Amino acid sequence: MSEAVTRTVTTPPGLLASLDPLLREWLPRQRWFAGKGRPVTGFDLVAATELLPATAKLGLYHLLVRAHQPLQPGHGGSEQPGDCYQLFIGVREALPPRLAPALIGHVSRGPLAGRTVYEALHDTRPADLLLEALRTQARVGGLRFERDPRQEIRPGLVPRLMTVEQSNSSVVYGDTFILKLMRRVVPGINPDLELPLALAREGCPRVPPPTAWLVAVAEDTAGSSHTPEPYVLGVLQPFVQGATDGWELALRELAKGEDFVAEARAIGRTTAEVHTALARALPTVTLGHVPVRALVDGMTERLEAAVHAVPALRPYAQDLRSAYTALDDLASEGRTWTAQRVHGDLHLGQCLRSPAGSWSLIDFEGEPARPLAERRMPQPAVRDVAGMLRSFDYAARTADPPQPDWAARCRAAYCSGYAEAAGRDPRTEPVLLRAYETDKAVYEAVYEARHRPDWLPVPLAALRRLASADPT
Ligand SMILES: Nc1ncnc2c1ncn2[C@@H]1O[C@H](COP(=O)(O)OP(=O)(O)O)[C@@H](O)[C@H]1O
Ligand SMILES: O=P(O)(O)O[C@H]1O[C@H](CO)[C@@H](O[C@H]2O[C@H](CO)[C@@H](O)[C@H](O)[C@H]2O)[C@H](O)[C@H]1O
């Protein structure tokens, strides 16, 4: 094992002020920027670490910045603290043409005046530096690069930034590892590291085990906690070579007019294996009437907020509420459910099939918009099942004409596969399943209205079905 490299570093005063006007314009254009639709009016520096001095030919700064954004209209027009983002700022005299898409801008004042700054993850040297820091377990300023000492990282793997649509940014190293760098970050334990680590300890082969990770200790004055909790900023894990994700595969089969039942069954088995391992690895709790009431209240609140944000939901709202009250009624009759840690945002895109045909699950951070504490709470495993059932429906609706029978066959096969591996069939819990499917489709309606309005009819069609007396 290599010795940890510890460096203390200082960053030039006035660094953020000099970048401010450029970042205000650049940040909202990034796919991973969570505050779309509201301008950025300024920044607070949460942490800054110099990874390469800007005095050299190539400089590199690691920044955690909190973006100020005015509140939505109707909230008095004042500003809220806003989200904290992880940025990798490269500094050069001028950008070579291959880095043109990475340009942030030309700095006109302050310590970097006259230099060009850019998104450094596009560049080989900064990406190399991150892997090397993880390999050597470096400590730089408040940044801690850590790794599982049992896993080897070969030096010199060639990096490439992934170009897929994603909520964070990932760099693939030599088709051997993938480093996911979180963008919107909050202090505290991130389930995207916590759950794969717990699954690796259980020996669950269905989730790539974290090889190394990056955390930061930073005092954030906007945070409520006085003892600063570390931020989990990145996770390195083995890259599944030649993998196809379930979404891509499902669409391909649909286009060919082929069934997807064998794969749906295999994904069901995989989900159940992961759930079983999570229930062994981390605490489970029994949900009685009081916690179920809280759950139902949460679902109802999300529905009310969604109806406000997406008026097209209004005609179904009353009937959808009944999906939640039915669950509450069961709980008041004395029914209880086991809750455990779950994936939290499971859909076909989170299932990877290796060329040999085995499935893995990725991306355990949960629905990014929900608070961390909520994402880490034990929940009925049916929640993930509901997410997958929604995903088969999504896939079937991209076909022209939509293929509801295809979806129904996949949904049944998925539940059968789940039952084979878990020893319990999610369909024996129709009330719970309907409540969670409704909650997910409500989330999707808001997500689509915000990000992909053309897709809004997909969750709306599902909500129409779920609002009917027989939602099967
Ligand atoms: N271990 C892995 N092996 C191969 N590809 C992966 C792996 N992990 C993630 N990917 C690819 O990277 C994409 C983004 O990963 P994900 O964890 O879903 O990031 P995000 O949360 O930013 O959406 C996935 O859709 C998948 O294509
Ligand atoms: O990309 P993330 O994993 O953060 O998830 C978000 O985006 C997903 C879309 O990319 C969204 O998923 C919805 O669309 C999928 C098809 O593109 C479909 O398979 C899912 O079932 C559906 O929920 C996801 O909800 C959102 O959190």
Side-chain angles (χ1 to χ4, degrees), residues 30-34 86 121 160-185 190-193 195-196 200 205-211 232 234-251 254 260 264 267 343-355 358-370 375 383-398 407 410-411 414 436-437 439-452 454-459 462:
Q30 304 313 300
R31 158 72 169 86
W32 39 263
F33 179 67
Q86 172 172 224
L121 296 178
R160 72 180 153 84
L161 181 64
M162 281 191 71
T163 50
V164 296
E165 288 275 295
Q166 60 176 126
S167 312
N168 299 285
S169 297
S170 297
V171 182
V172 176
Y173 290 94
D175 274 4
T176 305
F177 292 111
I178 179 164
L179 173 61
K180 173 163 162 179
L181 295 157
M182 281 57 182
R183 289 306 197 159
R184 190 168 69 92
V185 293
N190 187 326
D192 214 2
L193 175 61
L195 297 188
R206 299 308 200 166
V207 172
T211 308
V232 175
V235 181
L236 183 79
Q237 57 172 235
F239 183 70
V240 184
Q241 287 184 23
T244 315
D245 74 52
W247 176 251
E248 223 177 290
L249 212 58
L251 295 196
L254 258 173
F260 194 62
I267 299 172
H343 181 283
D345 191 16
L346 195 58
H347 56 80
L348 279 162
Q350 317 283 36
C351 308
L352 296 185
R353 185 182 182 276
S354 76
S358 70
W359 286 93
S360 318
L361 305 188
I362 55 163
D363 194 3
F364 282 75
E365 72 178 334
E367 285 169 10
R370 293 212 195 183
R375 289 191 261 143
R383 168 149 185 211
D384 285 344
V385 172
M388 281 306 303
L389 298 185
R390 292 288 316 115
S391 216
F392 293 119
D393 180 61
Y394 254 79
R397 282 189 185 276
T398 62
C410 287
R411 288 160 62 98
Y414 175 80
Y436 270 110
E437 238 199 292
D439 190 42
K440 185 72 191 183
V442 166
Y443 163 84
E444 288 167 345
V446 177
Y447 178 87
E448 301 302 2
R450 207 170 273 165
H451 297 274
R452 309 184 293 194
D454 290 353
W455 289 62
L456 183 57
V458 177

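Note that the numbering runs from 1 along the sequence shown for the chain. These values consider heavy atoms only, across backbone and side chains, with no hydrogens, waters or symmetry-generated copies. First listed ligand is number 1; within each ligand, the first listed atom is number 1. Note that the coordinates shown come from a computational prediction; the quantities given were computed from them, not determined experimentally.
Listed by number with element, the atoms of ligand 1 under 4.0 Å from a non-hydrogen atom of E365 are 21 (O). Remark: ligand 2 atoms within the under-4.0 Å shell around heavy atoms of S391 are 18 (C), 19 (O), 20 (C), 21 (O). Distances below 4.0 Å separate heavy atoms of D345 from the following atoms of ligand 2: 3 (O), 5 (O), 27 (O). Counting the atoms of ligand 2 from 1 in the order shown, those under 4.0 Å from a heavy atom of D363 are 3 (O). When each atom of ligand 1 is checked for a heavy atom of P238 under 4.0 Å away, the hits are 1 (N), 2 (C). With ligand atoms numbered from 1 in the order given, ligand 2 contributes 25 (O), 26 (C), 27 (O) to contacts under 4.0 Å with heavy atoms of Y443. Shown in contact with Q350 at under 4.0 Å from a heavy atom are these atoms of ligand 1, numbered in order with element: 18 (O). Close approach to E444 involves these atoms of ligand 2, each under 4.0 Å from a residue heavy atom: 21 (O), 22 (C), 23 (O).
Below 30°, between 30° and 60°, or above 60°: for W247 and Y394 the angle between ring planes is above 60°, a perpendicular geometry.
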Discussion item. Quick one, K440 with D384, criterion salt bridge (Lys or Arg N to Asp or Glu O under 4.0 Å). Give me CA distance, side-chain angles, the key distance, then yes/no.
Written reply: CA-CA 10 Å; K440 185 72 191 183; D384 285 344; over 6 Å; no
Salt bridge (Lys or Arg N to Asp or Glu O under 4.0 Å) between R390 and D439, intermediate numbers included:
CA-CA 11 Å; R390 292 288 316 115; D439 190 42; over 6 Å; no
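Summarising the geometry of P459 relative to E448, their closest heavy-atom pair is CG-CG, 3.9 Å, with the distance given to 0.1 Å. The two residues A264 and F392 make their nearest non-hydrogen contact at CB-CZ, 3.8 Å. Smallest separation of non-hydrogen atoms from L348 and A250: CD1-CB, 4.1 Å. Residues A445 and L456 come closest through the heavy atom pair O-CD1, 3.4 Å.
Nearest protein heavy-atom neighbour of atom 3 (N) of ligand 1: V240 N, 2.8 Å. For atom 8 (N) of ligand 1, the closest heavy atom belonging to the protein is Q237 OE1, 3.6 Å. The protein heavy-atom contact nearest to atom 17 (O) of ligand 1 is K180 NZ, 2.9 Å. Taking atom 19 (O) of ligand 1 as the reference point, the nearest protein heavy-atom neighbour is Q166 NE2, 3.3 Å. Considering only non-hydrogen protein atoms, atom 5 (N) of ligand 1 sits nearest to F239 CE1, 3.4 Å. Protein heavy atom closest to atom 11 (C) of ligand 1, with residue, atom name and distance, is M162 CE, 3.8 Å. Ranking protein heavy atoms by distance to atom 7 (C) of ligand 1, first place goes to L352 CD1, 3.7 Å. In this structure, atom 11 (C) of ligand 2 lies nearest to the protein heavy atom Y447 CE2, 4.0 Å. Atom 25 (O) of ligand 1 has G349 O, 4.2 Å as its closest protein atom, hydrogens excluded (heavy atom only).
Look at Q241 and you'll find every heavy atom at least 4.0 Å from all atoms of ligand 1. Taking 4.0 Å as the cut-off, S167 counts as a neighbour of ligand 1 on heavy-atom distance. Within the 4.0 Å heavy-atom cutoff, P208 counts among the residues contacting ligand 1. The shell of residues lying under 4.0 angstrom from ligand 2, judged by heavy atoms, includes S167. In this structure, R183 does not count as a contact residue of ligand 1, since none of its heavy atoms falls inside 4.0 Å of the ligand.
Of all the listed residues (R397, E448, H347, R452), H347 holds the heavy atom that lies closest to atom 20 (C) of ligand 2.
In this structure, NE2 in H343 is found 6.0 Å from CG in L361, a value given to the nearest 0.5 Å. For the atom pair CZ of F239 and CG of L179, the computed distance is 13.0 Å after rounding to the nearest 0.5 Å. Atom NE2 of H451 and atom OG of S167 lie 8.0 Å apart (nearest 0.5 Å).
A salt bridge links E437 with R411: the closest approach of a Lys/Arg side-chain nitrogen to an acidic carboxylate oxygen falls below 4.0 angstrom. Between E367 and R383, at least one side-chain nitrogen of the basic residue sits less than 4.0 Å from a carboxylate oxygen of the acidic one, meeting the salt-bridge criterion.
Residue Q350 touches ligand 2 through its side chain alone, judged by heavy-atom distances below 4.0 Å. Residue I362 touches ligand 1 through its side chain alone, judged by heavy-atom distances below 4.0 Å.
At least one donor-acceptor pair closer than 3.5 Å links the side chain of R375 to the backbone N or O of R370. In this structure a side-chain-to-backbone donor-acceptor pair under 3.5 Å is present from R206 to W359.
The shortest distance between side-chain heavy atoms of V458 and E444 does not fall below 4.5 Å.
Looking at N168 next to ligand 1, an N or O pair under 3.5 Å apart turns up.
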